[in-house]
Number of protein chains: 2
Amino acid sequence: MMLSFTEENYLKALQKIVFYSGIEKVGTNELATALLVTPATVSNMLKKLKEKELVDYERYGKITLTKTGRKKALDIIRKHRLWETFLYEKLEFSWDEVHEVAEQLEHIQSEKLVDKLDKLLEYPDFDPHGDPIPNKKGEVKVRVNKTLADVAVGSSCKIVAVKDDSSSFLKYVAKVGLELNSEIVVVSKQEYDAITVIEVNGTESSVSQLFSENIFVV
Amino acid sequence: MMLSFTEENYLKALQKIVFYSGIEKVGTNELATALLVTPATVSNMLKKLKEKELVDYERYGKITLTKTGRKKALDIIRKHRLWETFLYEKLEFSWDEVHEVAEQLEHIQSEKLVDKLDKLLEYPDFDPHGDPIPNKKGEVKVRVNKTLADVAVGSSCKIVAVKDDSSSFLKYVAKVGLELNSEIVVVSKQEYDAITVIEVNGTESSVSQLFSENIFVV
DNA sequence: TTTATTAGTTAGAGTACTCTAACTTTATTA
DNA sequence: TAATAAAGTTAGAGTACTCTAACTAATAAA
Ligand SMILES: [Mn+2]
Ligand SMILES: [Mn+2]
Ligand SMILES: [Mn+2]
Ligand SMILES: [Mn+2]
């Protein structure tokens, strides 16, 4: 069954909320916020997605993806991350430039294209942001869910992925001297507002709670 | 100025009609046929394209692209042919598979992507169908306009490009044993219906007038 | 448990693109 | 030149997606 760009974006947004929050049941407002539309718009679209059996949902109830819906969502996420990897590995894009273009490329319909791209990139497991790339069956590597915000003062850790792949966030990350696999030492943390002093390659920086929560570490 | 997929397709269709027919002034019905929509739909869209100064046109008059309109159209054709070349050269697609996917990829907006793709492909001048790839400025190599239909009986020629890049036509071309740079001998031609017997690599085939008109030769 | 707050839905409207049917203008032909 | 055919336009409607404003249901607080 052929889906529109819009429908694909709804499914992807649902899957990403579940993936990043761990919560299975999503609300209308939450989805509206993620898609930058009003709750009324989501209510409308839900009727269509339910009709097509891509989501389970009852009036005033919570939204979950059906098996078909989740597979479709993972397909799009797979394409998104493969394209990001392609742009980064083959076309000299930096990691803060790939997301925007991949948002467009993820909607291209061609199974052969995806397969050949996967092959050209030698079947990568992770994209330039450390996010796992679902395989053809829709299977995803279990993700790390420890963030920089969870690291105790005095300990050190290694950055393995970022939760936010927007250009503005990634430019900030780079400014602090961080990239994938960088070592971070948590020097100190303010009790009042959780402002944290971290050390990267001998240089200290102060970062917010929001920043720390968007950095996955081991 | 940001154009919709639809607007881009209208501009591209106009440019392609001019490019392949040589006629500068295009009619509503002609454009409608090319886009597989009704003339009424074209009439509507023309108002918008005129408003945006992409076409010149008066009620009941002929349609021409403005300078801006033509540049935009050539940009899309450039992207289309670069993507076709990419699919063919880097992803093992055959020449009859590339067009359909390129129809989608040509609408991706990213100047950097086009530049880097051009570089990766080492600045190609022609796509897998022998069509010239416009450069960044919108300049196109002058095209050959002699077709197989123009070749005299008894003479031979070489195929340099195809006018139709649909999968069905290209599969037929391959079936006759033809590919770019193949030598063709025109053995005989029926006067009544122009059915032509050609010889390729020692094998004879009969082809129609329509077929012959879609094969560019030197 | 009543009240206030938050979450979610419906109604009605707007934009983009498309269609059919009826019409008008331009071109062709007798 | 008058009749006919072809080309092109307008009116009105439909689908997809979106919004605001007014509403209802569910949840949290008093
Ligand atoms: Mn991304
Ligand atoms: Mn990513
Ligand atoms: Mn093509
Ligand atoms: Mn081509």
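Numbered from 1 within each chain, the chains take letters A, B, ... in sequence-line order. What's counted below: heavy atoms across the whole structure, side chains too, no hydrogens, waters or symmetry copies.
One atom, OH of B/Y10, and another, P of C/dA16, lie 14 Å apart when rounded to the nearest Å. If you measure from atom CD of A/E7 to atom P of D/dT15, you get 15 Å, rounded to the nearest angstrom. For A/M45 and C/dG8, the CE to P distance is 17 Å, given to the nearest whole Å. Per the geometry, CG belonging to B/L31 stands 10 Å off P belonging to D/dG8, to the nearest Å. D/dG8 atom P lies 14 Å from atom CG of B/L35, rounded to whole Å. Distance CD1 (A/I63) to P (C/dA7): 13 Å, rounded to an integer number of Å. Atom CD of B/E8 is separated from atom C1' of C/dA16 by 15 Å (rounded to the nearest Å). Between A/E58 atom CD and D/dA26 atom P there is a gap of 12 Å when expressed in whole angstrom units.
The pair A/K136-A/D118 does not meet the salt-bridge criterion, since no charged nitrogen lies less than 4.0 angstrom from a carboxylate oxygen. A salt bridge between B/D56 and B/K62 is absent, with no side-chain N of the basic residue lying under 4.0 Å from a carboxylate O of the acidic one. Ion pair B/K112/A/E92 not flagged as a salt bridge, since none of the NZ, NE, NH1 or NH2 atoms sits closer than 4.0 Å to an Asp/Glu carboxylate oxygen. By the 4.0 Å N-to-carboxylate-O rule, A/K79 lies too far from A/D75 to be salt-bridged with it. Using a cutoff of 4.0 Å between basic side-chain nitrogens and carboxylate oxygens, A/K12 and A/E106 are scored as salt-bridged.
If you check every strand for non-hydrogen atoms under 4.0 Å, B/F5 touches nothing. Heavy atoms of A/T38 sit under 4.0 angstrom from at least one base atom.
At C/dT24, none of the side-chain N or O atoms of B/R59 fall inside 4.0 Å of OP1 or OP2 (strictly under the cut-off). OP1 and OP2 of D/dA6 both lie 4.0 Å or more from every side-chain N or O belonging to B/Y60. Phosphate proximity of C/dT10 to A/K47: present, with a side-chain N or O under 4.0 Å from OP1 or OP2. Contact check, A/S4 against D/dA16: no side-chain N or O comes under 4.0 Å of OP1 or OP2. In terms of phosphate contacts, A/S43 brings a side-chain nitrogen or oxygen within less than 4.0 Å of OP1 or OP2 of C/dT9.
Relative to the side chain of A/K62, the nucleotides C/dG8, C/dC19, D/dT18 differ in distance, and C/dG8 lies closest. Nearest nucleotide to the side chain of B/T6, out of D/dT18, D/dT10, C/dT18: C/dT18. Which of C/dT18, D/dT10, D/dT18 sits closest to the side chain of B/N44 comes down to C/dT18.
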Please report the C-alpha distance between A/F93 and A/F86 in whole Å, then the side-chain angles of each, then the deciding distance to 0.1 Å, and finally whether the ring-ring contact (aromatic ring centres under 6.0 Å, His included) criterion is met. CA-CA 9 Å; A/F93 275 61; A/F86 170 73; 8.8 Å; no

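Pairs of Watson-Crick or G-U wobble type, with distances under 3.5 Å, assemble into runs of 3 or more in DNA chain C at these ranges: C:1-30 with D:1-30.
A cation-pi arrangement, defined by a distance under 6.0 Å to the six-membered ring centre and an angle within 45 degrees of its axis, is absent between A/K146 and A/F216. Both tests pass for B/R81 against the ring of B/F19: distance under 6.0 Å to the centre and angle within 45° of the axis.
Counting heavy atoms of neighbouring residues, nucleotides and ligands inside a 6.0 Å radius, atom CD of A/Q190 does not exceed 12 of them.
Shown for residues 17-28 of chain B: no residue has heavy atoms falling under 4.0 angstrom of DNA chain C.
The six-membered or imidazole ring of B/H129 lies away from that of B/H99, with a centre-to-centre distance of 6.0 Å or more.
The 5' end of DNA chain D is approached more closely, in terms of each residue's nearest nucleotide, by B/N29 than by the other of A/L36 and B/N29.
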